[in-house]
Amino acid sequence: MGITLYIIIAGVVGLALGALMVGFFMKKDNLKIEQEAQEKAKSLLREAELTAESVKKDKILEAKEKYLKLKADFEEEVNKKKNILITNEGKLKQREQILSKEMEQIKRKEAELDSKKENLSAQLHSVQVKKEELDRVTNQRISDLEKVALLTKEEARDQLVVMLKDEAHTKASSHIKDILDQAKLSATKQAKKIVLDTIQRTATEHAIENCVSIFNIESDDIKGKIIGREGRNIRALESATGVEIVVDDTPEAIIISGFDPVRREIARLSLHRLVQDGRIHPARIEEVVAKTEKNIEEEIVEIGERTCIDLGVHGLHPELIRMVGRMRFRSSYGQNLLQHSREVAKLCATMAAEMGLNAKLAKRAGLLHDIGKVYPEEAELPHAILGMELAKKYKENPEVCNAIGAHHDEIEMTSMISPIVQASDAISGSRPGARREIMDSYIKRLKDLEDLALSFDGVNKCFAMQAGRELRVLVDAENVDDTTAGKLSFDISQKIEKEMQYPGQIKVTVIREMRAVNYAK
């Protein structure tokens, strides 16, 4: 029992000693770890302080650089403004010097004007004195004449009035006769112009070249398909398009006749599509014609827009653009109306630019001057007045409206653009090759021109040249001298103006030539 107790006590003591030893070593390790941690913390603190110091220095340097840059920019801006101020001050000084010189010139001119005013006053006074002297002398002479002529001033005045009245009546009668002759001539020209214009706008009796279109086919077998059973296809096509289809013995061709060129074009294109498709019957004809009409309307608008773009004419009303496109299918004396209007527009722009006027406005007026000719409805107004009303309706410039209405003298011209449009229209219409004439009337006009010149004394030969726009007259050199040649040229030109109708102008050239011929034998 005692031994067991001893063993137990010894074991407890051993355990206690072991525990003490473990605690001692653990405390020693903890102290070492704590010291290492403190040293590490101190090292990190030193590193942080160094890093912070480096960052602080970098920020300070960055701030200094930014400050110096801002300072340099500010100084540069200040210098620029300072230079501008210096420049402006220099300009102001120059202007002040110029103004001072101008003021000096004005003062000198004022002094000169004052001097001239004084001189004029002196001259007026001198003139007044001379006038009084002249009146006194005149009255004295009148008194002397009254004594010599045994007439008073009133009686002499009455006799002079009677004589002047008689002379005035004689001259007035002569002028009245000339005016009546000119009025008759102008009335004849105007009547012919109105008749021709009416014929152009009426749907009857046009020249054959302006009323037919030729539709070519590959073979005559297609004619039977186009005619149809008992002619029903022809009747359907004529009813749908409003033209006359002539199928005759002409080989590989069908004639489309109608006064409206748009309808003829619709009929031609419809026939082309029907022949290509091969299905030709009344229902198909109506369908194709309807599509073609729609395509033609689109093409008309496209032509109008393209024309306006080509000429640089902007802002036209859509209806006016459509009418410009319709000009493509209208002709006057064989001259295409759209080509004529484009030509007139370019001529107007050129002439207006040369005269220092508004070229764009003139070009606009030139393009629209014949717009009344393509009005879709029949109207009793002249085409110039109708075109002016249309331009007013679609809010065109008043100068453009006046130019359209006045280009055939239906109304008074109120702007400089109006005579330009009138002259350009005449230039485009009367130039050689612009319009078609009947050959017989053309030849007759040239022969009449030559016969007129041959009717004058001293004329040996004469030749109409340049399509009747130049007349060369050969005279007898022995009977006609240089002075008479000039007078003869004038007399022939005046007689042509009075007796003949012609486009444009005719140049009359009188040639006087002396030839001496001998023979060496």
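Predicted model, so just to flag it, every value in this text is computed and none were measured.
In this structure, His272 has no ring pair (Phe, Tyr, Trp, His ring centres under 6.0 Å) partners at least two apart in sequence or on a different chain. Applying the ring pair (Phe, Tyr, Trp, His ring centres under 6.0 Å) test to Phe456 and every residue at least two apart in sequence or in another chain returns nothing. Applying the salt bridge (Lys or Arg N to Asp or Glu O under 4.0 Å) test to Glu319 and every residue at least two apart in sequence or in another chain returns Arg322. Here Asp58 pairs with nothing under the side chain to side chain donor-acceptor pair (under 3.5 Å) rule; sequence neighbours left out. Not counting sequence neighbours, the partners of Asp481 by the side chain to side chain donor-acceptor pair (under 3.5 Å) test are Thr484. Taking Ser489 as the reference, Val508, Val510 meet the side-chain contact (heavy atoms from CB on, under 4.5 Å) condition, with sequence neighbours excluded. With sequence neighbours left out, Gln422 forms a side chain to side chain donor-acceptor pair (under 3.5 Å) with Asp409. Taking Ser270 as the reference, Thr292 meet the side chain to side chain donor-acceptor pair (under 3.5 Å) condition, with sequence neighbours excluded.
Remark: Lys291 engages Glu287 in a salt bridge, criterion side-chain N to carboxylate O under 4.0 Å. One finds a salt bridge joining Lys131 and Asp135 here, because a Lys/Arg side-chain nitrogen approaches an Asp/Glu carboxylate oxygen to under 4.0 Å. In this structure, Arg306 does not pair ionically with Asp310, as no charged nitrogen and carboxylate oxygen lie closer than 4.0 Å. A salt bridge does not link Glu299 with Arg328: none of the charged nitrogens is closer than 4.0 Å to a carboxylate oxygen. Comment: Glu96 does not engage Lys93 in a salt bridge, judged by the lack of any side-chain N to carboxylate O separation of less than 4.0 angstrom.
Between the side chain of Arg472 and the main chain of Ile511, no donor-acceptor pair closer than 3.5 Å is present. Checked by atom type and distance alone, the side chain of Lys363 pairs as donor or acceptor with a backbone atom of Leu311 at under 3.5 Å. Remark: side-chain polar atoms of Asp425 are not paired, donor with acceptor, to backbone N or O of Gly366 under 3.5 angstrom. Between the Ser493 side chain and the Phe490 main chain, a donor and an acceptor come within less than 3.5 Å of each other. Here the side chain of Arg364 pairs a donor or acceptor atom with the backbone of His314 at under 3.5 angstrom. A distance-only check finds a donor-acceptor pair linking the side chain of Asn79 to the backbone of Glu75 [under 3.5 Å].
Contact record, Ala365 with Val400: CA-CG1, 3.9 Å, taken as the closest heavy-atom pair. Closest of all the heavy-atom pairs between Ala384 and Glu410 is CB-OE1, 3.7 Å. Nearest heavy-atom pair across Ile404 and Gly387 is CG2-C, 3.6 Å. Smallest separation of non-hydrogen atoms from Cys308 and Leu367: SG-CD2, 4.4 Å. Nearest heavy-atom pair across Val324 and Gly304 is CG1-CA, 4.1 Å.
Atom CE of Met413 is surrounded by more than 12 heavy atoms from other residues, nucleotides or ligands within 6.0 Å. Other residues, nucleotides and ligands contribute over 12 non-hydrogen atoms within 6.0 Å of the CD atom of Glu133.
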Throw together a table of side-chain donor-acceptor distances under 3.5 angstrom for residues 39-53, partners on residues two or more places apart or in other chains.
residue	atom	partner	partner atom	Å
Thr51	OG1	Glu47	O	2.9

Side chains of residues 110-130: which donor-acceptor partners sit under 3.5 Å, not counting sequence neighbours?
residue	atom	partner	partner atom	Å
Asn119	ND2	Ser115	O	3.3
Ser121	OG	Lys117	O	2.9

Would you tabulate the side-chain donor-acceptor contacts of residues 346-361 under 3.5 Å, counting partners in other chains and residues two or more places apart, or write 'none'?
residue	atom	partner	partner atom	Å
Thr350	OG1	Lys346	O	2.9
Asn358	OD1	Lys360	N	3.2
Asn358	OD1	Leu361	N	3.1

Fill in: Candidate pair Lys101 and Ile98, rule side chain to side chain contact (heavy atoms under 4.5 Å, CB included), full reasoning
CA-CA 5 Å; Lys101 290 180 181 179; Ile98 293 170; 5.7 Å; no
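Counting only residues at least two apart or on different chains, the ring pair (Phe, Tyr, Trp, His ring centres under 6.0 Å) pairs with a member in residues 341-372 are His340-His369, His369-His407.
Of the N and O atoms on the side chains of Ser341 and Asp370, not one donor lies less than 3.5 Å from an acceptor on the other residue.
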